[in-house]
Amino acid sequence: MFDIQEIRSQFSILNQQVNGKPLVYLDNAATSQKPNSVLEVWNQYYTEFNANVHRGIHTLSQLATEEMELSRRKIQKFINAEHDFEVIFTKGTTEGINLIAYILTQKLKKDDEIIISYLEHHSNIVPWQLLCERTGAKLRVIPIDENGVLQLDYLDEFLSEKTKVVSVNQVSNALGIVNPIEEIIAKTRANSDAYIVIDGAQSAPHFKIDVQALDCDFFVFSGHKMYAPMGTGILYGKQAVLEDLPPFHGGGEMIAVCSFDRTTYAGLPFKYEAGTPNVGGNIALGAAVDFINKVGHENIQNHENALLQYAQKHLLEIEGLKVYGENANRTGVVSFNLIGMGISSDVGMILDKMGVAVRTGHHCTQPIMDFFDIAGTVRASFAVYNTFEEIDLLVEGVKKAQRMLS
Ligand SMILES: Cc1ncc(COP(=O)(O)O)c(CNc2co[nH]c2=O)c1O
C-alpha cells in the first residue's frame, strides 16, 4: 500500500513555508531530502557510539565498525553485488569516477580509446579527459538525436581493440533520459575488452540495481540523491577487476604492512578506503537503503512515473513551452524552457518566490546545452514524496512566469 501522506510525514523539512508559500521541493536530481529514520541513525551514531573504525579495541569503536560493515552488506544486497568487499564507500559519484579513471592510468597507452556519451554529467567527462592527458588516449563521444536519444550506431562504429573504457550514465540528470545500458554493455563485451563503467547517480534513487545482471565492471552512485546524507556514495567494482588494479589514495586503513623499504596493501574494500571514513554518513546510507526497500522500488517507480507523465502533460498545455526529450524513455526529470521568454533562471526565480524549488542552468551538462543551442533549462526532478498537487503548483507557477516574462 502506497500512502503518500505517511511517506511525507517522514520528511519534516517538507512542512515549511518558503517566501510565505508551502515548500514544493522539485530539485531531487541535485539532492533529495532525508527521512527522519536516516537522520535518527545519523544522530544516534554521534550521540551514542561515535568512534573511529576497524582498529579500535574499545567497545564504541567495535560498535561503530559493526554498524558500518552492516551498512556495507545492506548496500551489497541493494545492488546485488556478489561480495560486500566489492562495495567501496566514497563521498559521491564524482569521487567514484575519478578513482576509477586514476587507477586505470597504467592500463592505457597512447591512441587507446575511451567512449562516453553526449548525455554525460561533467563528472563523467572531465576525469576521462584527464586520463587522456595522462596517457595519450583519445575520447570518443556517442552523439544524441534531436530527442536526446543516444545514437548507438556510433557505438558499433567506435568499438574496437583500441577501446579500453566505456563509461555512460544509466539516466541523464539533465533530461531524465533512460539509456539502454544493457545493450551498450552487450555490444561492448562482444566487440572489445574494455572496462565498463556505469554512472548510476540518477538511477540508483529510482531503479532496482543489479550489478551482476548488468555485468558492468564498475557502478557508481551518490548517497545524497537517494535519501542519505551529503558526502556519501558507493563505488561497486568487480572483485577480479579491483584486485588487479593499484590503490587510489595512500594512507591509513589501506596498508597491510608499511615500511620505508616497501609497503603492501590491504585487501578489498580497504585498499580503496584510505583514511578515516565518513562513518556516520555511511551508516546512515544503510538506513536510506532500508527506507527505499520499505517503500518498495515498484511503488517508487510507479509513483514517480505517474508524476512525470502528469507534469509533462500539463506543462505541454502551456503554449510556447518546450520539453527536451519529450518523446524519449525518461524517469525522474522534466526539463523545459519557455521559448523566447527570458532565460531559465528567470523562470526559476519566479517559481522560487512561489515556494517552488527547481534547478535552472546547464546542470553540469554543457555539451547537451550546446547541442540544443541553449544556455540552460528549467529542470523539475521528482522523488517519492512529491505529489500531484505540487505539480499543479509548478504548472501554475510556470504560467505566472510566462505572464510576467511576456
Ligand atoms: C548523472 C550524474 N553523474 C554524476 C553526478 C555527480 O554527483 P556528485 O558527485 O554527488 O555531485 C551527478 C550530480 N548531478 C547533479 C548535482 O546537482 N544537480 C545535478 O543534476 C549526476 O547527476
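In listed order, ligands and their atoms are each counted from 1.
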Subject >> Residue portion contacting ligand 1 (non-hydrogen atoms closer than 4.0 Å) for H224 >> reply: side chain

Original post:
In terms of side-chain geometry, is the basic nitrogen of R189 or D217 positioned less than 4.0 Å from the acidic oxygen of its partner?
Top reply: yes

Original post:
Does ligand 1 have any atom sitting under 4.0 Å from a heavy atom of R379?
Top reply: yes

Subject >> Under 3.5 Å side-chain donor-acceptor pair for N282 and S71 >> reply: no

Subject >> Q202, any N or O under 3.5 Å of ligand 1 N or O >> reply: yes

Subject >> T93 and ligand 1 - part of the residue with a heavy-atom distance under 4.0 Å >> reply: both

**OP:** Could you establish whether N124 and ligand 1 come within less than 4.0 Å of each other, counting only heavy atoms on the residue side?
**Re:** no

Original post:
Would you say K225 touches ligand 1, if touching means a heavy atom closer than 4.0 Å?
Top reply: yes

**OP:** Look at atom 1 (C) of ligand 1 and say which protein heavy atom is nearest, naming residue and atom and giving the distance to 0.1 Å.
**Re:** D199 OD2, 3.4 Å

Original post:
T365 and H363: side-chain donor and acceptor closer than 3.5 Å?
Top reply: no

Original post:
With a 4.0 Å cut-off, would you call K187 and D156 a salt bridge?
Top reply: yes

**OP:** Starting from atom 12 (C) of ligand 1, locate the nearest protein heavy atom and write down its residue, its atom name and how far away it is, to 0.1 Å.
**Re:** H121 CD2, 3.4 Å

**OP:** Taking only heavy atoms of N173 into account, list the atoms of ligand 1 that are under 4.0 Å away from them.
**Re:** 19 (C), 20 (O), 22 (O)

**OP:** Identify the protein heavy atom lying closest to atom 17 (O) of ligand 1, giving its residue, its atom name and the separation to 0.1 Å.
**Re:** A30 CA, 3.4 Å

Original post:
Of the protein's non-hydrogen atoms, which lies at the shortest distance from atom 6 (C) of ligand 1, and what is that distance?
Top reply: T94 OG1, 3.4 Å

Subject >> Salt bridge E69-R72, side-chain N to carboxylate O under 4.0 Å >> reply: yes

**OP:** Verify the distance criterion only: is there a donor paired with an acceptor across the side chains of Q62 and T65 at less than 3.5 Å?
**Re:** no

Original post:
With no hydrogens and no angle check, do the side chains of S345 and T360 hold a donor and an acceptor under 3.5 Å apart?
Top reply: no

**OP:** Give the contacting part of S123 toward ligand 1: side chain, backbone, both or neither, where contact means a heavy-atom distance below 4.0 Å.
**Re:** side chain

Original post:
Is the closest side-chain donor-acceptor distance between E133 and Q129 under 3.5 Å?
Top reply: no

